[in-house]
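This is a predicted model, so every value here is computed, not measured.
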Amino acid sequence: MFDAGHRPVRLLALVGCAVALVAVRPAPARAAANPIGAHSMLQLNSPYPFMQTMFAEAARMHASAIRLDVAPALIFPSQGGAADFGGLDEVMALAQEYHLRVLADLFTIPPWMAGCSAIGAVARSRCAPDDEADYGSIITRIVSHADPIIRDWEIWNEPDSSAFFSGSPQQYADMLRTAHDAIKAVDPAANVLLGGLSGSSAMSWLAQVFAAPGADAAGAFDIANVHERSWLDGLISEFVGWRWFLSAHGFTGTIWVTEHGYPADPSFQFDPHYRGGESSQAAFLRASIPSLVDAGAAMVFVTERDNLGGQFASEGLLGGDVSDPPVSDPYVIERPAFAAVAHIADCYTLLGRDCPGVGPAASPVTKSVPVARLGSSAPETVNVSDPGSAPLELGPAALAGAPGLSIADDACPAVLEPDQRCAITVRFTPVTPGRILGELRVPSDAGDLSVTVGAVAISVSGLSSPQLPAPKFAKGPGGDGVGIVQHLLLTLTNPMPAVVHVGVASLTGLDAVRFRLVANTCRGALLAPNARCRVTVSFVPRRLGVAHAVLTLRGDGIPLTVRLAPTASAPPAIELLSAQTAPRRCPAPRMMVLTSQPAVLTWRAVRSPRPLGSRCASSSNARSRQASRVLLRGRARTGDRLRAARGRRGYAATVTLPAALPPGMYRLTMAPDNAHGRGAPRAIWVTVPG
């Protein structure tokens, strides 16, 4: 049974906890080459054939270690009597035969050492000792006997649970310190493990242990030790919670998970996403074990065999005749989870990590989102599948490098079963016009899936022109002065890989009445890619300076707005016009001109019938009075700007009338011209002497 709406666990939890993990220093030790252990539940008094079978099966599942009880209560059954190391010797021999590291759980004390009044040997064996020195002495003897074959020692099993330990947190702290000192005295390189804690509810109990005076319990173990049985989504967060808790109390070293499993019986499968029986047990462990290792668990001991009742009766990788009380010739059934765990162990042995399988596949391999108008939204679905033969752990999908593309819905589960499909909906809400390419990434424990997502946003605002963003009006035939019509021819091109519809155009703004749409081939146009249309706007200035208006084209997406700011300029003006004539010689006159702007001067001279003055009269004077009028024309260009008489400044030019002109009075009219237009003319009377 699988819920397609289930969210990713392993990768999602790791991403969510990444910042938290960085704060814990130093980082937990890297997992061993093979971090898989077998939680065997063997006792020293288990029949040797049964014990041998469990060792052999642990080796067949490619575990690197096996956890079992080394109970002082069985080694020292009577006070002052001989120690019974027979069972321990068998364990040591099997460890060497099957090349398995042994984690020895020093669970229970000899009943005769109990510091409590519990009734029955079993109950008293779960009490705290009445004498710490005696307790230290028996630990020393056990460790000395097993060293160096056994070098990992766990101090009790689930001491936080009253079902396994009836002492107080202070008493456990004292026991932990005593056992630690005894073990280190025998073998300083041996590992002391905190007693395996039953779950996160044990944090308050462990806080009391750490606070117990005189024991320094937080410094009395080398490896922290927790038991993890939780639904998959809560597994990593609980483990990370343990790391935070331990770090807060000063322990930042290695953490082992010494009990981990999931039932094969559907009636006890507590994770709603894994309720399919034995196949779901295998799928759960395929996801949970690498997740715990990735989160920092240096070893994970998986329940090897069925035992007890309830969920534990089917939690083992081995079923059959393997429950307590053990039999000498057990009938063993290896569940699918057994092969799954063996495969995980092989991957760590060969690669130092969990093995990647066949990665997820996408249909289609590239995805084109439908064309969308700027300011609108369009969804599209990408289908993801598991083409391999093993489940895939999926992380949360993400989109990279694509403004406007987002994930609207990720319906892919934490674990995708073979041939199962799920859907990821991508939404395109464009923010800029044109083509957009993004990459949809779906992480998995077998590699990431990458899907190229392409989208096109269309919008009138995306039309381009070399004249934008500041279009310039062309001057009229007479320049750009007041009253002279100016024109703007705006050519627009569609650079987008899709047809764009252009609607109406309008003019608005402070001086909009001075503008007019003369022509508009864009109106109603369906512009194909690279197609063009044109808009012509006229402007008639009524005053000098800049006029302001906005040209707006509507259609697909967001309107295109073009700010119009043509200028009406003043034409050039004649600032000074004066005639210069030498009084004695009376040569032909010369005019000095100053203009306000660089200009071309156009002049004309018209002879008048008025008589000459006597000062420059000649014998031809009478004849000249009777001659007809003479009209002359000419042009001159102003030069550099200079200062003239009476402090005036302007652009200067000199105009000299030809010496061959008939004598007489002439009216000289002069007008300045430049790109801004023609300025007002000025006239002056000049005399050509006889």
Side-chain angles (χ1 to χ4, degrees), residues 34 36-75 77 83-108 121-122 125 142 145-146 149-150 154 157 258-265 267-268 277-279 281-282 285 301-346:
N34 177 6
I36 306 301
H39 167 45
S40 69
M41 293 174 282
L42 288 173
Q43 305 288 333
L44 295 182
N45 59 357
S46 297
Y48 181 79
F50 186 88
M51 191 182 294
Q52 185 179 34
T53 299
M54 292 303 107
F55 267 81
E57 290 294 331
R60 276 178 51 78
M61 65 180 266
H62 303 163
S64 62
I66 188 169
R67 177 179 182 249
L68 49 82
D69 286 352
V70 174
L74 296 176
I75 297 175
D84 181 2
F85 287 112
L88 183 56
D89 289 337
E90 292 175 348
V91 167
M92 293 163 60
L94 291 170
Q96 291 177 297
E97 179 181 354
Y98 291 100
H99 307 287
L100 288 169
R101 178 179 181 178
V102 173
L103 170 58
D105 185 2
L106 295 171
F107 175 46
T108 71
V122 172
S125 70
I142 294 173
H145 187 88
I149 296 174
I150 300 177
E154 180 180 355
N157 175 67
T258 55
E259 289 188 20
H260 177 62
Y262 189 71
D265 185 344
S267 60
F268 291 100
E278 292 187 350
S279 63
Q281 180 194 36
L285 294 176
F301 288 77
V302 185
T303 303
E304 183 181 18
R305 63 186 177 99
D306 293 344
N307 199 13
L308 307 175
Q311 73 178 67
F312 304 106
S314 65
E315 190 180 86
L317 305 179
L318 303 176
D321 189 12
V322 293
S323 297
D324 288 342
V327 296
S328 293
D329 186 17
Y331 171 66
V332 175
I333 299 175
E334 295 177 354
R335 291 196 172 101
F338 185 93
V341 172
H343 178 70
I344 294 172
D346 286 342

_As an exercise, state the distance from CD1 of Ile344 to CE of Met61, rounded to the nearest 0.5 Å._
9.5 Å

*Can you check whether Arg335 reaches Ser314 side chain to side chain, under 4.5 Å on heavy atoms?*
yes

*Nearest heavy-atom neighbours spanning Ile150 and Ala104*: CG2-CB, 3.9 Å

*Going through the checks in order, is the side chain to side chain contact (heavy atoms under 4.5 Å, CB included) test met by Met54 and Leu94?*
CA-CA 10 Å; Met54 292 303 107; Leu94 291 170; over 6 Å; no

*asked:* Quick one, Leu318 with Thr53, criterion side chain to side chain contact (heavy atoms under 4.5 Å, CB included). Give me CA distance, side-chain angles, the key distance, then yes/no.
replied: CA-CA 11 Å; Leu318 303 176; Thr53 299; over 6 Å; no

*Could you check Asp84 against Leu44 for side chain to side chain contact (heavy atoms under 4.5 Å, CB included), going step by step and ending with a plain yes or no?*
CA-CA 10 Å; Asp84 181 2; Leu44 295 182; over 6 Å; no

*Excluding sequence neighbours, so at least two apart, what forms side chain to side chain donor-acceptor pair (under 3.5 Å) with Thr303?*
Glu315

*Shortest non-hydrogen contact from Pro47 toward Pro326*: CD-CG, 3.5 Å

*Does the side chain of Phe338 reach to within under 4.5 Å of the side chain of Ile333, using non-hydrogen atoms?*
no

*asked:* How long is the straight-line distance from CZ of Phe301 back to OG1 of Thr258, given to the nearest 0.5 Å?
replied: 7.0 Å

*asked:* Are the side chains of Thr108 and Pro72 in contact, using a 4.5 Å heavy-atom criterion?
replied: yes

*Is the closest side-chain heavy-atom distance between Arg67 and Asn157 below 4.5 Å?*
yes

*For the student: nearest non-hydrogen atoms of Asp265 and Ser267, plus distance*: OD1-OG, 2.8 Å

*Could you pull out the closest heavy-atom pair between Ala58 and Leu100, with the gap in Å?*
CB-CD1, 3.9 Å

*Give a yes-or-no answer on whether the side chains of Arg101 and Asn34 include a donor-acceptor pair shorter than 3.5 Å.*
no

*Is Ile66 close to Val91 at the side-chain level, that is, under 4.5 Å between some pair of heavy atoms?*
no

_Note: Arg60-Glu334 ion pair, threshold 4.0 Å (strictly below)_ = yes

_Candidate pair Val102 and Met92, rule side chain to side chain contact (heavy atoms under 4.5 Å, CB included), full reasoning_ = CA-CA 8 Å; Val102 173; Met92 293 163 60; over 6 Å; no

*Do Ser279 and Pro336 have side chains that get closer than 4.5 Å, going by heavy atoms?*
no

_Short side-chain to backbone donor-acceptor contact, Asp306 and Gly316, under 3.5 Å_ = yes

*May I ask you to test the Ile36-His62 pair for a side-chain heavy-atom distance under 4.5 Å?*
no

*Distance from Glu259 atom CD to His39 atom NE2, nearest 0.5 Å?*
3.5 Å

*Calculate, to the nearest 0.5 Å, the distance between atoms CD1 and CG belonging to Ile149 and Leu88 respectively.*
9.0 Å

*Can you measure from CG (Leu74) to CZ (Phe107) and round to the nearest 0.5 angstrom?*
11.0 Å

*Pairwise side-chain contact, Glu57 with Arg305, heavy-atom cut-off 4.5 Å (strictly under)*: no

*Look at the rings of Phe85 and His145 and say which category their plane angle falls in: under 30° parallel, 30 to 60° tilted, over 60° perpendicular.*
parallel

*Examine distances only and state if a side-chain atom of Asp69 and a backbone atom of Ala71 form a donor-acceptor pair shorter than 3.5 Å.*
no

*From Gln281 CD over to Phe268 CZ, what is the distance, rounded to the nearest 0.5 angstrom?*
14.0 Å

